[in-house]
Amino acid sequence: MHYLDNAATTKPPETVCQAVLRAMTENFGNPSSLHGLGVGAEKILDESRAAVGAQLGFSPEETYFTSCATESSNAIILGAAENYGKRKKTVVTTAVEHPATARPVEKLEKNGFKVVRVNPDKDGKFTAESIASAVDEDTFLVSCMLVNNETGYILPAAEAFRKIKKRFPDCITHCDAVQGFLKTDTRDLSKTADCVSVSGHKVGAPKGIGAACIKKGVRIAPLLLGGGQERGFRSGTESVPLIAGFGAAVKLWAENAELYRKNAFALRERLRERLAAMPEVVINSGGDCSPFINSISAAGLKAEVLLHFLEARGVYVSSGSACSKGKKSSVLKAFGLPEKLLDSTIRASFSDDTALSDIDALADGLQAALAQLCRVR
Ligand code: PLP
């Protein structure tokens with residue numbers, strides 16, 4: 001099997017599975033319970049919280065567990081509007097956000113807020129100033145992702161936030177850092193971002209666990225009300241096994257981050273070399289993109305057909321973005337991808353365990369698809 005859909009989700013390593021199992025068999029207490037089993041479970045939360053927060057520059061007290069990054073972003077965006085959107089009515093975001101940000105922002109728009117969506121320039125790039133200059137005195141929230149999930153493009157979120165904070169210190173800055181978490185160095189993100197959303201399952205943790213980091217003093221109204229867990233931000237008994245897995249995954253990544261990043265650059269290089277020999281194939285992700293995400297268009301081949309052709313050879317990729325489920329991607333369009341390629345774009349995304357043999361299998365598969373599928377068209 002050649003799994004190249006790691007931006008959709010990753011395979012948890014053995015150490016993560018062991019941490020999850022231990023939390024279910026040995027530390028099955030409720031972390032809110034006062035007895036020893038509860039204390040043992042609480043210790044897992046403390047350790048994982050510190051590990052996740054540290055990679056984003058936030059303290060454990062500023063780090064909250066959620067069920068996924070979608071929940072984190074929804075809670076932050078809607079919760080910021082509840083507390084800061086009484087007098088100020090504008091939200092600034094980009095035209096290339098993941099639906100986890102785009103949908104709650106649309107909800108605010110439907111409820112009467114003004115939304116400014118910053119587009120990339122004609123070359124498909126953003127500058128910090130293009131984002132910062134969209135903010136004015138009426139803006140209470142700016143939400144900008146760190147790494148785009150469809151192309152790997154790295155947005156100048158931190159620099160834009162720095163400019164915004166200088167001009168409008170009260171404006172809340174939120175970063176969806178899901179695809180950049182650990183894959184880029186995010187340990188300084190707290191210097192400019194008030195709030196950050198991340199997901200566990202993109203870095204080897206189980207699915208169903210995420211985190212929201214919220215700077216001390218920033219008041220985000222909670223989405224879930226109840227027993228007051230997660231210091232009132234997210235009521236509901238914490239999923240100790242998933243949090244144990246999240247902590248183990250983050251520790252493993254953090255210890256090997258340099259190695260994993262180097263590996264991703266080498267994989268991207270090999271991909272470029274191999275695809276350079278195929279004139280019908282274009283790599284849409286430029287040199288300034290994350291090496292972990294590669295958007296590839298094969299003119300004349302439908303992405304879905306290509307995906308299944310590759311799958312039959314044991315190569316797993318996604319069509320555009322896993323979340324768009326075959327719909328034409330408005331994000332790729334915003335990045336300036338020609339209309340005729342929107343339907344012909346797949347995404348190959350890497351993780352710590354991706355090898356050169358996976359890249360070769362993809363390239364061989366693409367070559368075979370061009371030879372066989374183009375002939376029957
Ligand atoms: N933001 C980005 C950039 C993503 O790529 C994803 C998932 O693909 C999400 C948010 C949502 O993450 P989750 O699956 O944890 O809700």
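Remember, it's 1-based here, ligands and their atoms both numbered in the order they're listed.
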Participant: Of L4, D358, D5, which meets side-chain contact (heavy atoms from CB on, under 4.5 Å) against V315?
Facilitator: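 Of all the options given, the one that passes is L4.
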Participant: Between F246 and F181, how do the two ring planes meet: parallel, tilted or perpendicular, split at 30° and 60°?
Facilitator: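 F246 vs F181 ring planes: perpendicular.
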Participant: Does any N or O of ligand 1 fall below 3.5 Å from an N or O anywhere on A69, backbone included?
Facilitator: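 So ligand 1 has an N or O lying under 3.5 Å from an N or O of A69.
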Participant: Is there a continuous path of hydrophobic side-chain contacts, each under 4.5 Å between heavy atoms, that joins I214 to V142?
Facilitator: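 Cluster IDs for I214 and V142 differ.
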Participant: Using a heavy-atom cut-off of under 4.0 Å, does the side chain or the backbone of H201 touch ligand 1, or both, or neither?
Facilitator: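 It is the side chain that touches ligand 1; the backbone stays farther off.
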Participant: Just to verify, which of D194, N83, T173, I76 counts as forming a side-chain contact (heavy atoms from CB on, under 4.5 Å) with V218?
Facilitator: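 When D194, N83, T173, I76 are each tested with V218, the side-chain contact (heavy atoms from CB on, under 4.5 Å) holds only for D194.
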Participant: At less than 4.0 angstrom from any non-hydrogen atom of M145, what atoms of ligand 1 do you find?
Facilitator: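 Near M145, meaning under 4.0 Å from one of its heavy atoms, ligand 1 has 3 (C).
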Participant: What do we get for K207 next to ligand 1 when only non-hydrogen atoms under 4.0 Å count, side chain, backbone, both or neither?
Facilitator: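 The answer is neither.
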Participant: Which residue from V198, D176, I293 reaches closest to atom 3 (C) of ligand 1 through any of its heavy atoms?
Facilitator: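 When every heavy atom of V198, D176, I293 is considered, D176 comes closest to atom 3 (C) of ligand 1.
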Participant: Any side-chain donor-acceptor pair under 3.5 Å between T139 and D136?
Facilitator: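 Yes, a side-chain donor-acceptor pair sits under 3.5 Å.
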Participant: Report, in ascending order of atom number, the atoms of ligand 1 lying under 4.0 Å from any heavy atom of C68.
Facilitator: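 Under 4.0 Å from C68, ligand 1 has these atoms: 13 (P), 15 (O), 16 (O).
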Participant: Does only the side chain of V178 get under 4.0 Å from ligand 1, or the backbone, or both, or neither? Count heavy atoms.
Facilitator: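 Contact part for V178 vs ligand 1: side chain (C-beta onward).
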Participant: Would you mind listing which atoms of ligand 1 come within a distance below 4.0 Å of any non-hydrogen atom of S199?
Facilitator: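 Taking each heavy atom of S199 in turn, ligand 1 has 13 (P), 15 (O) under 4.0 Å.
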Participant: Same hydrophobic cluster for V317 and I359, using side-chain heavy-atom links shorter than 4.5 Å among ILVMFWY?
Facilitator: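 V317 clusters together with I359.
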